[in-house]
**Student:** 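Please see the structure below; I have some questions.
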Amino acid sequence: MVSVSKKLNITKLPSLSPKTHFTTQPFIPFSQLQQQRKHLETDLVSKLDNCRSFTRIKRVHAQIILNGLDQCCYVVTKLLRMLSNVGVPVNSYAHNVFDRVSHRNSFIWTALIRGYCVQGPVNEAVRLYSLMRMEGIGPVSFTFSALLKACSVCEDVGLGMQIHGQIVSVGGFGCDLFVANTMIDMYVKCGFLECGRRVFDEMVVRDVISWTSLIVAYVKSGDLSSAAELFDGLPVKDMVAWTAMVNGYAQNARPREALNLFKRMQDGDVETDEVTLVGVISACAQLGAAKYASWVRKVAEESGYRPTSNVVVGSAFVDMYAKCGNVEEAYRIFERMSVRNVYSYSSMIVGFAMHGHASEAINLFEEMVKTEIKPNRVTFVGVLTACSHAGLAEQGERYFATMQSCYGVVPDADHYACMVDLRGRSGRLEGALQLIKSMPVKPHGGVWGALLGACRIHADPDIAEIAAKSLFELEPDSIGNYILLSNIYASAGRWEDVARVRKTVRMKGLKKNPACSFVEGKDGVIHEFLAGDLTHPRSSQIKQELENLLEKLKFLGYQPVLSSVPYDVDDKEKMRILMAHSEKLAFSYGLLTVASGSSITIVKNLRICEDCHLFMCGASWVTGRKIIIRDNMRFHHFHDGACSCNNFW
DNA sequence: GTAGGGTTAG
């Protein structure tokens, strides 16, 4: 090796006078220059970090060029990331910046690839990845997680599997937690849960994120037992994991289990945030009891969340109070919310609709469209339901006709179901049938079900047969549809047809859903009554109370609606069956226990029958009590002998 | 840089 001194022949150094050569440039050691450059880099990177607009970024970019740092991968990587974050199309500005860098490292390549991953097209990201590999640049773990994330966003499992193959062939990255976790997420978001599970099972090291991704995947697929099994096996659970499981129960209509798990979460001193709260609030909404409503309100405030200052928590509370029968409190919260969004408005509109307050729902909708907030499909479901339940047929038709042209919401099968309901209820059964035939999308069970329900109200067994035929094809095992058809036949006295439907039900081995009602006693305990149930400890008192009431009602002219009994039995037996309906038993118990002057709230699993409806109207008059009944359709508020639904349900 | 969220009709 030739030494530098020999090569340059500098054994004899010329005697340079520092005076002549360094007068304007003071001597700065290299290490100090390096340090200065480092400071400059850090300074520009932090400036970039604070940029929230393209204009600001361009300004910093000019400084980067001025300082000669446009070849510095560290700074340019940050520049590319920020450009993509503020949404500047990656194929223009960012790509130019990238092209001008002569020596590119993995990070700068990855920043550009990420840009395409976020903005698309993903294929371009994959092409760049190949180019990078051809240039001999090795990927970093973030290169793969960005690519995998992109595959999950566009649900392209084929591409995802290609990336998976790359990860395996490059080697080493399969063990990277970030990469493996993103891979699980990619598979489950694409709907390949089993593949995600395989990745999970093959992982040597897992963290709470790996577990949670999979738990959520099981929750979304409705497989709660697999989710719970994983959750139980998770060694260290954090707030997100707990929340995933609590909300999993809530989303799958298992509110009691959601609340039990939440109590365990609290016992474990795990923090509660707004995401946890919405799940818990939604569970309480499903239970529909005032007891739970006040409990969760307290829980929220203890965790520092006020329904009026947090839009997500607030909207959940609006929905919950409406579902618990307290639409006044729902509106009180809604009114005081400092920020509202489409969820808040939709929840309130649907809440009003559920309680038969059609004009309030419509007024609120009109108020909403004057704001910046755009109505969505759920908002229109609420508005159309409100019109339908209040018999506002013309207004409903108008909203339906303009929802696409004025608000850009394309009517889907759910909206058609509302319209069939609206036309059907107002007696235009043929018009409803025509609407179904003209639908641009395939009608689902809800659409035919709405027609069948209307046939019950207007006693039309012929159209009911048409609706039922399609309905039985779509939902062959749904017992409610058979019962509805059988009841329509029964009201028309067509007992042979009733027998035929019942035979089908028996042959299919379908079991009838027993009717049951809940009422909250003054002790806060929820009492459940089944139809004809005499097992309650205070059964004889309940029966006596009911008989006293019946006497008074009869005196006022109440005549039992015997046609509400769909059995071919004598009138005396029909009377006995009617008096043992679960909501009547629950109401009678309420009279015995709920403080006088307070309203009585009953939750029923099936639709209230005509006789019970009439009975409750009279009972609210005779007893002076407000009676609120939530059936599986909506709320009925009985007061002074009338119901909020105007006998239209 | 990877995991958890609220409104829906018969």
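Within every chain, numbering begins at 1; the chains are lettered A, B, ... in the order of the sequence lines, protein sequences first and strands thereafter.
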**Student:** Would you kindly give the CG-to-C1' distance between A/L606 and B/dG10, to the nearest whole Å?
**Tutor:** 14 Å
**Student:** Counting just side-chain N and O atoms, does A/R81 come under 4.0 Å of either OP1 or OP2 of B/dG1?
**Tutor:** yes
**Student:** Would you check, one step at a time, whether the test side chain to side chain donor-acceptor pair (under 3.5 Å) holds for A/D49 with A/S46?
**Tutor:** CA-CA 5 Å; A/D49 244 337; A/S46 80; over 6 Å; no
**Student:** Please state how far atom CE in A/M245 lies from atom P in B/dA3, giving the value in whole angstrom units.
**Tutor:**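 It is 19 Å, rounded to the nearest whole Å.
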**Student:** Show which side-chain atoms of residues 439-450 of chain A pair as donor or acceptor with protein atoms under 3.5 Å away, not counting sequence neighbours.
**Tutor:**
{"from": "A/H444", "atom 1": "ND1", "to": "A/G446", "atom 2": "N", "distance (Å)": "3.0"}
{"from": "A/H444", "atom 1": "ND1", "to": "A/V447", "atom 2": "N", "distance (Å)": "3.4"}
{"from": "A/H444", "atom 1": "NE2", "to": "A/D414", "atom 2": "OD1", "distance (Å)": "2.8"}

**Student:** Does the base of B/dG1 carry an N or O that pairs as donor and acceptor with the side chain of A/S141 under 3.5 Å?
**Tutor:**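 Indeed, a donor on one side and an acceptor on the other fall under 3.5 Å apart.
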**Student:** Below 4.0 angstrom, N of the basic side chain to O of the carboxylate: do A/R423 and A/E397 qualify?
**Tutor:** yes
**Student:** Are A/Q251 and B/dG6 close enough that a side-chain N or O sits under 4.0 Å from OP1 or OP2?
**Tutor:**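 Result: yes.
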**Student:** Give the nucleotide from the list B/dG5, B/dT7, B/dA3 with an atom nearest to the side chain of A/V378.
**Tutor:**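 Of B/dG5, B/dT7, B/dA3, B/dT7 is nearest to the side chain of A/V378.
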**Student:** Would you classify A/G382 as touching base, sugar-phosphate or nothing, given that sugar-phosphate means primed atoms plus P, OP1 and OP2, and contacts are heavy atoms under 4.0 Å?
**Tutor:** nothing
**Student:** Check for a donor-acceptor pair, side chain of A/S309 on one end and backbone N or O of A/Y305 on the other, with a separation under 3.5 Å.
**Tutor:** no
**Student:** Determine whether any donor atom in the side chain of A/T182 lies under 3.5 Å from an acceptor atom in the base of B/dT2, or the reverse, and answer yes or no.
**Tutor:**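 Per atom types, no contact qualifies.
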**Student:** Please determine whether a side-chain nitrogen or oxygen atom of A/K323 lies at a distance below 4.0 Å from atom OP1 or OP2 of B/dT8.
**Tutor:** yes
**Student:** Hey, does the side-chain of A/N632 have a donor or acceptor N/O within less than 3.5 Å of a partner on the base of B/dG10?
**Tutor:** no
**Student:** Using a 4.0 Å heavy-atom cut-off across all strands, classify A/V447 as base, sugar-phosphate, or nothing.
**Tutor:** nothing
**Student:** Can you tell me if the side-chain N/O atoms of A/H389 get under 4.0 Å from OP1 or OP2 in B/dG10?
**Tutor:** yes
